[in-house]
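Working notes for the structure below.
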Protein chains: 2
Amino acid sequence: MKNRFKNKFIVPDLVLQEREGGYDKGRDVYEQILRAALDLLIDQGYRAVSMRRVAAASGVKLGNLTYYFPTKEDLVRELLNAVISSYEIEFDAIVHEEDTTAIHRLEEICVLILEDIGTKKTTRFFPELWALSNHDDFVLERIQELYARARHPMVRLISEINPALSADQCETIALFMSASMEGMTIFAGFEKPFADKMPWLERLTIKSFIDLIVSMTPEDLP
Amino acid sequence: MKNRFKNKFIVPDLVLQEREGGYDKGRDVYEQILRAALDLLIDQGYRAVSMRRVAAASGVKLGNLTYYFPTKEDLVRELLNAVISSYEIEFDAIVHEEDTTAIHRLEEICVLILEDIGTKKTTRFFPELWALSNHDDFVLERIQELYARARHPMVRLISEINPALSADQCETIALFMSASMEGMTIFAGFEKPFADKMPWLERLTIKSFIDLIVSMTPEDLP
DNA sequence: TTCTATATTTGTCAAGTGTCCTATATTGGT
DNA sequence: ACCAATATAGGACACTTGACAAATATAGAA
């Protein structure tokens, strides 16, 4: 419970990979640009992310923006990478907690994910990604890589809770869990019509997941 | 099982509301335009839906397109309405089947939804809607109206399976089920990385849903 | 200070966008 | 065949978009 809030404050919205050369000011402007682009994406959607708007929102001239990001594709790719990386760091941090029972830890992970779904950033950012991933293979692969890393700790805990299950079976269950939770973005995400029902959806989710894992027999899945 | 395929062939992609006046040819062109716009949306995403592209794809001159749809907003609204209506008709058809047990009918509904998620049209169209709904209240209300009608038959069956549950509890469970299934679009939808795992996700889904409904006690939810 | 790598500005380009307007053609009932 | 309602075509407008180029300014190590 404490860890949830700890992560919330530690993990930044953007994680930028270190650049090769360049001055300090250059790196600041670089980050400023990505932050402005993210705000634009969250507040007004992908349609609003144009080179000129990003330039204006970040207080940078258009010509200077194209110096850091020669093409819009560069800008978008770096932005998605930076944002997705922040989630990956969040999930990787979960793996290194070994204090309680497997069931309790799995519950914590689900709570963490579902609480995050209620966030403005997550509610707005991911549907945009899902739409983009339908026509952009880079986005598709990058987002699936994120989900794969999110499932990783789940798979381990599922196997620990029900050791009779094979690795493939655990993977399928984790996939099912991840998909189930992501779907709630549209209904109970930030400012969505059922946002107030999220606490009960969390209880339903956890109860249903735990019941599924413990009652699952190797014959139910290949 | 037979009904699933029956619906697949009967329900058209577009359901247009009847117009007031106009010649026959006008109605044909009207439908042609919406169909071209839908194809564009599905194959290339919302960014590709411009007035000129729709005009070209439907073999209509730009000036004529603005005769039928004076503004792009008109075109998009009519398109979404026409597509969403087709899904509503599909779900309403389910309500009028009273041949087997409640559990079996609920299973059939879930199979129908999950099979539909594997469709190219659904996999491509809905993420686009979800993204749009974040910044367009019309889209948000229209899509939530669709989901409400999709939950309707579920709520009745849930209540029939477990009569101890209150109406609100049944609503929450149906919401949970709908969200869970929608989430699988991103993972196991058309040409998605886990599309081949959909059959097992269906089995997991159904088992988990039925177990949840029958094992749920009124104390688990308010 | 000097000087090179880095950063910033200003301007321009062709292409695409939504919307509007006017003239012309076609439909289908009388 | 007539003719009003409907449909189609073509062009224009103001605006945005991504990309590029050349000139200038700044940083920071030597």
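Atoms considered below: every heavy atom in the structure, side chains included; atoms not considered: hydrogens, waters and symmetry mates. Protein chains get the first letters and strands the later ones, always in sequence-line order, with residue 1 at the start of each.
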Expected list for residues 71-83 of chain B near DNA chain C, using heavy atoms below 4.0 Å, is B/Thr71, B/Lys72

key: Centroid separation B/Phe194 to A/Tyr147 less than 6.0 Å   = no

Cation-pi check, A/Lys197 onto A/Phe187 ring (under 6.0 Å, within 45° of axis)
no

What one should report as the nearest heavy-atom pair of A/Ala37 and A/Leu79 is CB-CD2, 4.0 Å

The correct set of residues in residues 58-65 of chain A placing a heavy atom under 4.0 Å from DNA chain C is A/Lys61, A/Gly63, A/Asn64

Identify the pairs formed between an N or O of the protein and an N or O of nucleotides 26-30 of chain C at a distance under 3.5 Å, and give each distance.
from, atom 1, to, atom 2, distance (Å)
C/dT27, O2, B/Tyr23, OH, 2.6

Review point. Does the pair B/Arg142/B/Glu145 count as a salt bridge with the N-to-O cut at 4.0 Å?
Key: yes

| said: Please check: side-chain N/O of A/Thr185 versus main-chain N/O of A/Glu182, any donor-acceptor pairing under 3.5 Å? | reply: yes

* A/Thr172 side-chain N/O to A/Asp168 backbone N/O, donor-acceptor pair under 3.5 Å -> yes

- Message: Can a donor-acceptor pair be found, under 3.5 Å and without considering hydrogens, that links the side chain of A/Thr205 to the backbone of A/Leu201?
- Response: yes

Between B/Phe209 and B/Cys110 the two heavy atoms that sit nearest each other are CD1-SG, 3.9 Å

Notebook entry, point to check: Under 3.5 Å, side chain of A/Ser180 to main-chain N/O of A/Phe176, donor-acceptor pair present?
Noted result: yes

Any side-chain N or O of B/Tyr67 under 4.0 Å from OP1/OP2 of C/dC20? no

Is A/Glu128 salt-bridged to A/Arg124, cutoff N-O under 4.0 Å? no

Closest non-hydrogen contact found for A/Thr123 with A/Ile117 is OG1-O, 2.6 Å

At a 4.0 Å cut-off to heavy atoms of chain B, the contacted part of DNA chain D spans D/dA5 to D/dA12

Within residues 37-55 of chain B, those residues having any heavy atom closer than 4.0 Å to DNA chain C are B/Ser50, B/Met51, B/Arg52, B/Arg53

Look only at the side chain of A/Ser86 and the backbone of A/Val83, and say whether a donor-acceptor pair between them is shorter than 3.5 Å.
yes

Residues pairing under ring pair (Phe, Tyr, Trp, His ring centres under 6.0 Å) where one sits in residues 36-79 of chain A, two or more places apart or in two chains, turn out to be A/Tyr30-A/Phe69

If we ignore hydrogens and angles and just use 3.5 Å, is the side chain of A/Thr119 paired with the main-chain N or O of A/Asp116 as donor and acceptor?
yes

Strictly distance-based, threshold 3.5 Å: is any side-chain N or O of B/Ser178 a donor or acceptor partner for the main-chain N or O of B/Ala174?
no

